[in-house]
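Counting starts at 1 for both ligands and their atoms, in listed order. The first residue in the sequence is number 1, and the count goes up from there. Side-chain atoms are counted along with the backbone in the values below, which use heavy atoms only and exclude waters and symmetry mates.
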Amino acid sequence: MSELQLSTRTKASLRQPREACSFSIDRENNTQFDDQCLSYYYFPEPMLDREIDLSGGYKDFIEKDESEPQHLNHFLRALINYEKTQCDGSKIKGDIVTFRGVMTKLLCLPYNSSEDIDLNLIAFDGQIFIEEDHQLTQSKKRVMNERDKLMTYWGYKFEAISTLPKPWSEATREEIYDRPKNTVNNIEQYISIVRTGVGNVKLALAGEVDAVTDYKPEKPEDPLPHYVELKTSKVIRDEKDARNFERKIMKAWAQSFLLGVRKIIYGFRDDNGVLRSLEEYKTEELPILVRDSKISNSKYKWNGNDAVSFYASAVEWIKQSVGTQENVAWRLQYTKNDSKLVLYQLQGNEASEVLQTMLLPEFVEWRKSL
Ligand code: 0WD
Ligand code: CA
């Protein structure tokens, strides 16, 4: 068993993320090797005057079925396709292969220690693959009441009313202004796979991208500057709201920073879910905004550089501890309010379960054929 104290810091340089490829998850939960689920952000000012109710269509919300584990399946299918068609059959570079959401948790951990983390890790073909343990994550999920569910819906609804499935120049007036009537689903996703790194550790991260602000450029131009993260938050009326907002934006910053998404657009809504205003932030500005704010006591502020220094130690520690030995399954665990992360080898049934289910058989076969 290996431990990493949350107080550990490593000064490390960062690599600018670059997109390797992208893929879509369609409404039937199939992996599609194209950008069919890419959305285009477009929100004309006059639409705010319509006082859009983000609760609209809540009863028709089509929700992703989370009862069965998805593992890294979509991601690995997309990697096979990428390595076959764009890398002449060589594997994607990277020491660690995982979803961005997994790394967001580690990056935020020094400032958000109120939730457990349960990850499964295995080394295969010289790379470390990491997933959330589905069963543990599901069973520890906070039970959402009706209000929580509605507020989650507001986020998806905001995405649905502020984006189009095609550039606005190709959309009709109706397609733009009738968006509040469209049914919302959280199954369809557009996912970018980026190569990035910190210190000596290279990562291949897959993360959902909400939209492009204008268009997605053709290769070899970098699409990352065109991407935008969409969020909703409560309108800020007093200091308490402002403090909450400053605390909450750490996650938005971390998510966007990890993938190299430069822009975050917030839709501010009132307590009844009516959209009141929009605000655009540069990802890189957020840590500065919090640092310079007079609202929060500096004792409670998050610090981006400090979080990155912890993240650098964490990924280096993972790379060193897990190494390259195959047929071993690991658990990376954090227990809320603890001062350390622990990493240990799984045994018996737990180990066999992870070894048998984590990597898609066709992916293992593909890599073995190289
Ligand atoms: O270990 C695994 N099997 C993991 C799978 C770990 C982390 C994520 N995933 C899946 C997610 O379920 C999602 O389908 O990968 C996809 C996207 O990964 P991500 O970008 O790494 O996820 P994250 O950064 O945690 O979330 C990004 C967005 C969310 O936006 P907000 O603004 O709310 O942070 O992905 C969406 C959501 O819009 N999202 C989901 N959508 C449907 N069902 C889910 C979900 N369970 N989780 C996140
Ligand atoms: Ca979002």
Side-chain angles (χ1 to χ4, degrees), residues 17 19 22-27 29-31 37 39 41 54 61-78 96-108 112 115 117-122 128-138 141-142 144 148-149 151-163 184-194 196 203-212 227-233 248-261 263-267 281 283 331-332 354 357-360:
E19 180 171 277
S22 56
F23 65 99
S24 298
I25 300 171
D26 71 15
R27 204 182 259 265
N29 195 33
N30 292 315
T31 320
C37 292
S39 296
Y41 177 78
L54 296 175
F61 181 34
I62 302 163
E63 242 182 314
K64 180 163 135 184
D65 175 10
E66 300 206 75
S67 54
E68 291 300 315
Q70 301 279 321
H71 301 289
L72 302 171
N73 295 356
H74 289 295
F75 185 5
L76 298 183
R77 275 184 213 111
I96 294 179
V97 178
T98 191
F99 277 110
R100 177 266 312 269
V102 167
M103 289 300 153
T104 305
K105 292 191 171 174
L106 297 182
L107 181 54
C108 294
N112 176 19
E115 277 169 39
I117 301 175
D118 301 279
L119 306 176
N120 299 323
L121 304 84
I122 56 177
I128 297 165
F129 295 81
I130 311 179
E131 66 166 1
E132 270 177 349
D133 185 84
H134 181 258
Q135 209 184 328
L136 288 170
T137 309
Q138 287 297 109
K141 256 193 185 163
R142 197 170 57 92
M144 290 210 278
D148 297 330
K149 288 182 193 162
M151 287 168 70
T152 305
Y153 176 74
W154 289 346
Y156 292 116
K157 182 73 176 180
F158 175 58
E159 283 178 23
I161 59 152
S162 64
T163 66
V184 179
N185 80 76
N186 69 351
I187 304 167
E188 287 170 283
Q189 297 187 44
Y190 166 77
I191 296 192
S192 171
I193 300 178
V194 305
T196 180
L203 300 108
L205 298 179
E208 194 198 7
V209 172
D210 291 332
V212 285
Y227 289 163
V228 62
E229 170 66 34
L230 302 174
K231 287 266 184 266
T232 51
S233 195
K248 256 180 51 176
I249 54 173
M250 184 184 191
K251 191 182 163 217
W253 166 79
Q255 274 181 328
S256 304
F257 169 85
L258 284 169
L259 221 56
V261 173
K263 210 182 268 183
I264 304 169
I265 296 176
Y266 267 91
Y281 299 90
T283 305
R331 170 69 41 79
L332 179 71
V354 171
T357 61
M358 186 162 157
L359 297 182
L360 197 68

Logged contact type for Ala206 with ligand 1, heavy-atom cut-off 4.0 Å, is backbone

If you scan protein heavy atoms around atom 13 (C) of ligand 1, the nearest is Gln189 OE1, 3.4 Å

Inset, instruction - Check whether any side-chain heavy atom of Thr283 lies under 4.5 Å from a side-chain heavy atom of Trp253, and answer yes or no. - result: yes

(request) Give a yes or no on this: more than 12 heavy atoms of other residues, nucleotides or ligands lie within 6.0 Å of atom CD of Gln135. (result) no

Has the side chain of Asn185 got a donor or acceptor atom that lies under 3.5 Å from a matching backbone atom of Glu188?
yes

Atom 40 (C) of ligand 1: closest protein heavy atom, distance to 0.1 Å, is Tyr156 OH, 3.6 Å

Quick one: does atom 45 (C) of ligand 1 have a protein heavy atom under 4.0 Å from it? yes

Nearest non-hydrogen protein atom to atom 7 (C) of ligand 1, with distance, is Phe99 CB, 3.6 Å

Closest heavy-atom approach to atom 43 (N) of ligand 1 among Lys64, Glu63, Lys141 is made by Lys64

field: Any donor-acceptor N or O pair under 3.5 Å, side chains His74, Asn29
entry: yes

* Taking NZ, NE, NH1 and NH2 as the nitrogens, is one of them in Glu66 or Lys141 under 4.0 Å from a carboxylate oxygen of the other? -> yes

Note: OE2(Glu229)-the Ca ion (ligand 2)-O(Leu230) angle, rounded to 10 degrees, equals 80°

closest protein heavy atom to atom 24 (O) of ligand 1 is Arg100 NE, 2.8 Å

Atom 21 (O) of ligand 1 has as its nearest protein heavy atom Gly101 N, 2.6 Å

Taking everything shown except Lys263 itself, do over 12 heavy atoms lie less than 6.0 Å from its NZ?
no

The option among Met358, Glu208, Gln255, Met103 carrying the non-hydrogen atom nearest to atom 23 (P) of ligand 1 is Gln255

Here the N/O/S atom of Asp210 closest to the Ca ion (ligand 2) would be OD2

- Message: Quiz question for you: does at least one protein heavy atom lie closer than 4.0 Å to atom 15 (O) of ligand 1?
- Response: yes

Notebook entry, point to check: Does any N or O in the side chain of Asn186 come within less than 3.5 Å of the main-chain N or O of Lys64, such that one atom is a donor and the other an acceptor?
Noted result: yes

Atom 32 (O) of ligand 1: closest protein heavy atom, distance to 0.1 Å, is Lys231 NZ, 2.6 Å

request  = Give a yes or no answer on whether the side chain of Asp210 reaches the backbone of Leu230 with a donor-acceptor pair at less than 3.5 Å.
outcome  = yes

